[in-house]
Amino acid sequence: MRGHAHLIAAYHPGNSVVHRAPLRLKAAFLLVVAVVCFAGAGPFAASGALTAVVVLHFAAQLPAARLWKPIRLMLVFLLLIGAYQFWQSGPLTAWRILAGILATVLAANILTATTPVDRLLDGLARLVAPLRRFGADPERFALTVSLMLRSIPFIIGAFDDVRDAARARGLERNLRARTLPVMICTVAYARQTGEALAARGLGEAEE
Amino acid sequence: MTQELAPASRTAAPKLRQNGTALGRGGAHASRPRWNAGDLALIAVFAALLAASIAVPGIPVGPLGVPITLQTLAVTLCGLVLGFGRGTAAVGLYVLLGLVGLPIFSGFRAGPAILAGPSAGYIIGFIFGAAVVGALAPWALRRRGRAGWLFAAATVGMLVVHGLGVLGFMAKGMGYWPAVLADAAYYPGDIIKNVLAVAVALSLHRAFPDVLLRRRR
């Protein structure tokens, strides 16, 4: 199950106020930050939002490295936008846009870093439940989600096996030899899963 | 088992398993054919394929060993193999769970942060790209010289993804030409991936003839 560890990588365990806050409060905070930053607020509002988010980040006892990592991932993009906006509309607008992007990204990261994945998925299920009125089927939806989660390690394992097999034949750089067997495995696995579900009467539409 | 499942889908859809729209939550209209367990499993496993495609290292290609990542390949394959309804649902499920907070976007990024970042346009574009490819795929598969038509379908999907990617750049305050130039860097890799996707899809349709089209009698 070596492929599964990455699924919890975003969560940073802790017992801060932010960790204990209810999910809907954190989601509402994220929404407010996003609206303030993208609904044309001035540079001071954007700076305020960024400051609030950074304060909250440390209130949640998250390591400072977590502030830098998302910035590093989009550094080139931020530089491009900053340069373009500086040239087009001056330093204030450039700062407003950059601060807005940073504040929203970091606020969203706080949400995912302080909430375990199973609680996020529960939140999603609660979000879907009212759609039952419009003919949605939360049980089948939940079944599909759990099927997806349990399939990820299998597929990562298939990629590893196929890479080893291709390497043994000297085809490590052959794209077709590296991908086609994985896809055959994947579709066959989906077929078997579907048949196993059908044999147990799971996942069929209720009519 | 296939024999058991087939009649249900045959009565539901006379020509091919044309599945409905939206995410795999069942239908808003009672008349629309519903997905059976096999369809749900395909949607879930292809969504898992998308999630896994960012967790495996890229494949080195050519003398320089430029790594080819597999995410857009998986998106195209969702459309080519599953068709419109199920392909859109698979990519939609992947994006939804990524937005909810599973670290399954490239670089193990997760959560709604992705919508505030530069790749927002591409992430949303994946859903529409797979939908377009999936809508064209059954038609392309029935034509003579289907490899060419499948490649055309994949190309249209690629253009949709790139178009929305450029819009995503511009929505974050980038100018038109810088956005187009930043986006253009991804075209060569994506064209290679489309060729590969068509080769893989042809083999898959040969190995599993009823995965998208109904078997001819």
Side-chain angles (χ1 to χ4, degrees), chain A residues 3 6-7 9-10 30 34 70 73-74 77 80-81 84-85 88 97 101 104-105 108-109 111-112 115 117 120-121 124 128 131 134-137 140-141 143-145 147-148 151-152 155-156 159 173 175-176 178-180 183-184 186-187 189-191 193-195 197-198 202-205 207, chain B residues 1 4-5 23-30 34-49 51-52 55-56 59-61 65 68 70 73 77 81 93 97 100-103 107-113 116-118 172-175 178 182 196 199-200 203-204 207-208 211:
Chain A
H6 79 271
L7 275 186
L30 169 61
L73 280 171
M74 48 184 198
F77 168 80
L80 273 174
I81 285 193
Y84 178 77
Q85 291 292 343
Q88 284 282 313
I97 289 176
I101 293 175
T104 323
V105 168
N109 281 341
L111 172 77
T112 30
T115 320
V117 166
L120 289 169
L121 291 177
L124 176 66
V128 174
L131 294 175
F134 305 106
D137 194 337
R140 272 156 50 94
F141 177 68
L143 173 72
T144 315
V145 169
L147 278 181
M148 173 196 167
S151 306
I152 294 174
I155 297 177
I156 292 179
F159 270 110
R173 295 195 168 188
L175 280 174
R176 198 160 182 269
R178 288 286 299 271
T179 50
L180 182 57
M183 289 307 301
I184 300 269
T186 300
V187 178
Y189 176 73
R191 275 290 164 89
T193 308
E195 287 167 10
L197 288 174
L202 291 169
E204 297 295 335
E207 216 81 56
Chain B
M1 204 61 234
E4 263 181 60
L5 289 176
L23 297 171
R25 299 172 186 165
H29 311 289
R34 311 266 317 236
W35 286 322
N36 62 25
D39 295 324
L40 289 191
L42 278 170
I43 292 167
V45 172
F46 270 76
L49 172 74
V56 296
I59 301 172
V61 173
I68 290 267
L70 299 166
L73 174 75
L77 279 173
V81 177
L93 180 65
L97 289 189
V100 162
L102 294 179
F108 297 112
R109 283 170 300 166
K172 296 288 169 341
M174 206 184 252
L196 178 63
V200 170
S203 301
L204 281 177
F208 306 94
V211 72

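None of the values given here were measured: they were computed from a predicted structure. Quick note on labels: first sequence line is chain A, next is B, and so on, each numbered from 1.
Atom CG of residue Leu147(A) and atom CD1 of residue Ile43(B) lie 10.5 Å apart, to the nearest 0.5 angstrom. A distance of 8.5 Å separates CG of Leu196(B) from CG of Leu180(A), quoted to the nearest 0.5 Å. Rounding to the nearest 0.5 Å places OG1 of Thr144(A) at 11.5 Å from CG of Leu42(B). In this structure, Met183(A) CE and Ser203(B) OG are separated by 11.0 Å, a value rounded to the nearest 0.5 Å.
For chain B, the option among Thr193(A), Leu143(A), Thr179(A) with the highest count of heavy-atom pairs below 4.5 Å is Thr179(A).
Contact of the Leu121(A) side chain with the Leu97(B) side chain is registered, since non-hydrogen atoms from C-beta on lie closer than 4.5 Å.
For the residue pair Pro178(B) and Tyr84(A), the shortest heavy atom distance occurs at CG-CD1, 4.0 Å. Closest approach of Ala51(B) to Met148(A), counting heavy atoms only: CB-CE, 4.0 Å. Residues Ala48(B) and Ser151(A) come closest through the heavy atom pair CB-CB, 3.5 Å. Across every non-hydrogen atom of Ala37(B) and Ala198(A), the tightest pair is CB-N, 4.0 Å. Minimum heavy-atom separation, Ala52(B) to Ile152(A): CB-O, 4.3 Å. Shown here for Val100(B) and Thr112(A), the closest heavy-atom pair between the two residues is O-CG2, 4.2 Å.
The contact between Thr104(A) and chain B is made by backbone and side chain atoms together, counting heavy-atom distances below 4.5 Å. Looking at Leu49(B), both its backbone and its side chain come within 4.5 Å of chain A, counting heavy atoms on both sides. Of the atoms belonging to Ile97(A), it is side-chain heavy atoms, and not backbone ones, that fall under 4.5 Å from chain B. With a 4.5 angstrom heavy-atom cutoff, Val56(B) touches chain A only via side-chain atoms. Residue Ala207(B) touches chain A through its side chain alone, counting heavy-atom pairs closer than 4.5 Å.
The backbone N or O of Trp35(B) sits less than 3.5 Å from a side-chain atom of Arg140(A), completing a donor-acceptor pair.
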Candidate pair Leu40(B) and Leu202(A), rule side chain to side chain contact (heavy atoms under 4.5 Å, CB included), full reasoning: CA-CA 10 Å; Leu40(B) 289 191; Leu202(A) 291 169; over 6 Å; no
